[in-house]
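Below is one structure, written out as structure tokens, with a few remarks after it.
These values consider heavy atoms only, across backbone and side chains, with no hydrogens, waters or symmetry-generated copies.
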Amino acid sequence: MINTQEQIVNTQEHTVGLMSIEDLKGKRFYIPSYQRGYRWTTTEVEQLISDIKNFDPLKDGEFYCLQPLVVRQDSQGQWRVIDGQQRLTTIMLILKCCSEQDFFQMKYERGDYVAQLKDISSYPKWEDVVAQSSEYDTMELYYLYTNFQVVKHLLSDSSQATFKDKKDKLKLFRMTKFIWYDIDVAAATDDTDGKQREYQMFRNLNSGKITLTSAELVKALFLKKVGDASNEKEISQSLIAEEFDQIERRLREPDFWYFLTSEPERSSCISLLFDLIYQTHGCGNVKDTEKFRNFEKSGAYKTYNYFEYAMENMEDAGTIWEIVQKYFHILEGWFADTETYNLIGFLRASGGCELEDIFKIYNESINKSQFREYLKRKCLSVCNLQEPDDDYTDIMPLERLRESLSELRYDEERKRITDVLLMVNIATLNLQSAQTDLETQSDTYGDDKKRKDKQASKVKFSFASYHKCGWNVEHISPNNAIYTEPLGETQLAQEALPNGNFFRDILSNKREFPHLKDASSAIKSISEELWQKLDDYIAVDETSIMTLPNLTLLNEHDNKSIGNRPFCDKRNSIIKFQGQGSFVPPCTFMVFTKGYTEKLDKDKINFWSKEDRMEYMKRLCDILNEYFTNGQ
């Protein structure tokens, strides 16, 4: 097993490694007053002892891993405990019951409670504890005394863990290890400054701002294991450290990160790559073994345990680092290919496929073209656009596709509508990229500038914007369109009543018709024919409002800023957003500029009319059909 004192990695902010119980000997720990008191229950104490006792190095790996112990060393040489004091205190109680009274020291800033346990030969009466302690101190001592009794009982029973024979002592002292997380306060001007930095770390840990992962421990393994010959070791370590940082920086780029996952950037983004290798058994398949099941039980550190096992039993560190690089270059290849990037980004954004499943699809593919075809089939499945009797491989016939999508309602199938709208945008961009490829191949004159212009026209969907900004399905013609749209000067208004003031009269009198339903009922009561003519201009029927022809995608900020304003105002805002650099999906831009409408009606130019909705629906289906049938 790696010597834990040597397995330490330095970064700008902290030092991270492993620390066995044996390595804690002689250390002085100090529990600051901002920490809550010792509050572990007897159940948690019993579970910890049982876990250490039942740990089997032949099946479970070479050590039992405790959760992180976050510390910093002050000017007096004390280790101030920022996180992990519950386990550390319990370990101290176990050591005391193993006749290791002064193995390491612990002191609470609020009071020296631990010292009172030093020479206890019999269990104190609870009444005595109450009599000599304040209310808060009573709770501190209560948990210490209670758990001290539990530990003494468990260790005195021959049928339980003893930690006194050589085998069990080895488990406790050498095979039980903390994740040692030493925050770097070298930049602190004095202890006061150090305490302020320490408290900020404590707050961040407890508010969820810092997530401790196993990525840096995996890095520590590589730096420890790589390079067999001493003259090669330093060079190999330096090279891996540099390449590690390069991969981390690349994965941290928003466009790269968010096409692979919808989760926020991690504290160590490279952990996504390490997790992928673990999930796909890139260093060696242990899936069907007891070993893998034990890795799964180790929670957040299962990936680290897998890599450690791989370096000890399957491959050397140098070979495994080559596997890491290979995986990363595969991800880079996906990112570089516009169509593949868009398809994978869609599958990850829709939740339709895990990253490890995409990697398996990649490994099963003969070439890049087949990989893309597999991805396209998966996209069809996510959007439910395949015929059930067609082995789920091809898109349903065009007429059936139109019928299926026409039946979708926003108030009933919001998730599927979102997926379909996102997929149409992806298909639009990928068809554009395919056309660019054809034009580039047919350019026999070799005009470099023209080729570069064409390549630049291959557009990737901004999944960084999609995940970071939040996206909504936008009603193109709003729910309250009859209140907001400028219908008073249209031909419909002229035809409604001889004086042409019908809409202005009925829609401006808010006191008479304060609610949309009231105004709608008033219009319907005059004439059903008039109501249908109104729906020709704006979506007023519930079906017209809630179905796909009246829906598009827009980021949450832009969506809220345009609200329920008239269509013409929305159009101006969308054009403005795009001009200011906001990512507007291609289909959304086409909707508000009426790019899908072949013949514009001047009287309806400022409305999302029935003709616009029909043309939009037709184009959505045509785009999907063309992309998924390759134009056939």
task = Check Asp394 against Leu380 and note the closest heavy-atom contact, atom names and distance.
result = C-CD1, 3.9 Å
ask   = Roughly how far, to the nearest 0.5 Å, is the CG atom of Asn550 from the OG1 atom of Thr543?
value = 11.5 Å
task = Answer yes or no for Lys570 and Phe592: cation-pi contact, defined as NZ/CZ to six-membered ring centre under 6.0 Å and angle to ring axis within 45°.
result = no
task = Using side chain to side chain donor-acceptor pair (under 3.5 Å) as the criterion, list what pairs up with Tyr596, not counting sequence neighbours.
result = none
ask   = When rounded to the nearest 0.5 angstrom, what distance separates CG in Leu347 from CG in Leu343?
value = 7.0 Å
key: Residues in ring pair (Phe, Tyr, Trp, His ring centres under 6.0 Å) contact with Phe607, at least two apart in sequence or another chain   = Tyr537
message = Could you work out, with side chain to side chain contact (heavy atoms under 4.5 Å, CB included) as the rule, every residue matching Asp535, not counting sequence neighbours?
response = Val540, Asp541, Ser544, Arg613
ask   = Heavy atoms, side chains only, cut-off 4.5 Å: are Lys460 and Leu429 in contact?
value = no
Atom NZ of Lys594: over 12 foreign heavy atoms under 6.0 Å = yes
For Asp622, side chain to side chain donor-acceptor pair (under 3.5 Å) partners two or more places apart = Arg402, Lys618
request  = Can you sort out the partners of Glu542 under side chain to side chain contact (heavy atoms under 4.5 Å, CB included), two or more places apart, ordered by chain and number?
outcome  = Arg409, Asp411, Met546
task = Specify the closest pair of heavy atoms between Leu551 and Ile545, including all atoms of both residues, with the distance to one decimal.
result = CD2-O, 4.1 Å
task = State which residues pass ring pair (Phe, Tyr, Trp, His ring centres under 6.0 Å) with Phe371; sequence neighbours excluded, sorted by chain then number.
result = Trp334, Tyr362
ask   = Taking only residues two or more places apart in sequence, or in another chain, which ones meet Met617 in a side chain to side chain contact (heavy atoms under 4.5 Å, CB included)?
value = Leu405, Ser406, Leu548, Pro549, Cys621
key: ring pair (Phe, Tyr, Trp, His ring centres under 6.0 Å) against Phe463, all qualifying residues, sequence neighbours excluded   = Tyr341, Phe461
remark   = Contacts of Phe256 meeting ring pair (Phe, Tyr, Trp, His ring centres under 6.0 Å) (sequence neighbours excluded), chain-then-number -> Phe259, Phe335
note = Taken in chain and number order and not counting sequence neighbours, the residues that satisfy side chain to side chain contact (heavy atoms under 4.5 Å, CB included) with Arg565 are Ile562, Asp569, Ser573
key: SB check Asp419 Lys415 (cutoff 4.0 Å)   = yes
request  = Return yes if a side-chain donor-acceptor contact under 3.5 Å exists between Ser609 and Asp612, otherwise no.
outcome  = yes
task = Using the test salt bridge (charged side-chain N to carboxylate O under 4.0 Å, His left out), find all partners of Lys604 that sit at least two apart in sequence or belong to another chain.
result = Glu611
ask   = Can you name the side chain to side chain donor-acceptor pair (under 3.5 Å) partners of Lys602, sequence neighbours left out?
value = none
Flag side-chain contact, heavy atom, 4.5 Å: Thr588 against Glu474 = no
inquiry  = Looking at every heavy atom in both Ile270 and Glu248, which two are closest together, and how far apart are they?
reply    = N-OE1, 2.9 Å
task = Say whether, by atom type as modelled, one donor and one acceptor occur between the side chain of Trp257 and the main chain of Ala464 under 3.5 angstrom.
result = no
